[in-house]
Amino acid sequence: MVAASGAAGTDPESLKNRIAAVNAKIGKEGQKTAAAVIAQLNKLKSHAGTVRKSASDAAFALEIEINDFPEPARWKVNNKKQISQIAEVCKVAITARGSFFPPGKQPGPGERKLVLVVEGDTQFCVDRAAKEIKLILKEATMMAVESEAPSRSFGRYLVTNG
């Protein structure tokens with residue numbers, strides 16, 4: 001029959017005896033290691049519900065230079081809807097930084113070319129987002145090049161009025 005005070009071994013004296021037995025088994029080094037692990041777990045637990053104050057708090061970051069891509073490709077990858085979709089799916093923060101510099105012009109001191117900064121909590125998330133961004137850049141660049149190329153609608157004969 002179980003005592004009315006609760007489950008067996010939950011009274012303070014019993015807990016003290018169990019803790020002393022565990023400490024005796026693991027020794028001084030084990031106690032130090034356990035204390036360090038518990039401190040890390042408590043730190044993670046306390047930060048689990050907090051929201052990052054800025055994207056720079058991320059553990060992993062990657063810069064993708066988009067300055068030298070055609071304008072339609074830069075626009076497509078820098079589109080707010082596109083950025084928010086990638087950020088939501090990949091669980092990253094994406095920020096555009098720098099300024100556009102036309103071909104041949106180099107940025108001065110304190111300036112930088114246009115880049116997208118991808119920041120996330122894991123390397124996998126950052127890599128996945130970067131892969132998606134590069135795919136969009138590649139597709140948009142190919143479309144821009146195709147639209148600028150002269151159409152191949154000419155044939156063997158030339159039709160003239162007259």
Side-chain angles (χ1 to χ4, degrees), residues 6-7 9-10 12 15-16 18-19 21-23 25-152:
T10 58
L15 289 174
K16 285 181 186 176
R18 289 170 63 191
I19 291 172
V22 169
N23 285 339
K25 284 183 182 178
I26 62 174
K28 293 283 184 194
E29 286 301 314
Q31 288 176 9
K32 289 178 186 176
T33 303
V37 169
I38 290 170
Q40 287 178 339
L41 288 174
N42 287 336
K43 184 178 178 183
L44 287 174
K45 186 178 175 183
S46 69
H47 290 302
T50 60
V51 177
R52 266 194 309 232
K53 298 193 176 32
S54 69
S56 62
D57 294 343
F60 298 93
L62 176 72
E63 285 188 359
I64 302 170
E65 187 172 313
I66 62 172
N67 189 77
D68 299 332
F69 285 91
E71 184 177 9
R74 288 193 315 267
W75 180 85
K76 184 155 186 164
V77 82
N78 208 9
N79 182 337
K80 184 177 181 178
K81 182 179 177 185
Q82 194 77 47
I83 295 262
S84 61
Q85 267 186 329
I86 295 170
E88 184 178 334
V89 170
C90 298
K91 297 180 180 19
V92 296
I94 303 172
T95 311
R97 293 195 183 141
S99 301
F100 173 71
F101 288 91
K105 185 176 180 200
Q106 293 299 318
E111 297 177 321
R112 63 190 299 187
K113 287 187 172 185
L114 189 60
V115 296
L116 285 180
V117 179
V118 182
E119 298 171 306
D121 292 331
T122 66
Q123 186 68 46
F124 177 75
C125 291
V126 171
D127 289 343
R128 198 168 97 191
K131 185 177 180 180
E132 188 67 27
I133 289 169
K134 289 175 183 177
L135 178 67
I136 293 167
L137 280 170
K138 182 179 177 182
E139 289 174 354
T141 300
M142 289 174 61
M143 289 178 65
V145 168
E146 287 174 3
S147 69
E148 291 175 2
S151 64
R152 301 254 175 186

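Just so we're clear, the structure is a prediction, and the values are computed from it rather than from any experiment.
At most 12 non-hydrogen atoms from other residues, nucleotides or ligands lie less than 6.0 angstrom from CZ of F124. Remark: E71 CD is loosely packed, at most 12 non-hydrogen atoms of other residues, nucleotides or ligands lying under 6.0 Å away. Other residues, nucleotides and ligands contribute over 12 non-hydrogen atoms within 6.0 Å of the NZ atom of K113.
In this structure the side chain of K131 never reaches within 4.5 angstrom of the side chain of D127, judged on heavy atoms. Annotation: side chain of I86 is not in contact with side chain of V118 (no heavy-atom distance under 4.5 Å). Residues K91 and D121 form no side-chain contact, since every pair of their non-hydrogen atoms from C-beta on lies 4.5 Å or further apart. By the 4.5 Å heavy-atom criterion applied to side chains, L137 and I64 are counted as neighbours.
C125 and V92 get closest at one heavy-atom pair: O-CG1, 3.6 Å. Across all non-hydrogen atoms, the minimal contact from E65 to V115 is CA-CG1, 3.8 Å.
The existence of a salt bridge linking R112 and E63 is confirmed by a sub-4.0 Å separation between a basic side-chain nitrogen and an acidic carboxylate oxygen.
With R128 contributing its side chain and V89 its backbone, the two residues share a donor-acceptor pair below 3.5 Å.
Annotation: the span from L114 atom CG to D68 atom CG amounts to 9.5 Å, rounded to 0.5 Å.
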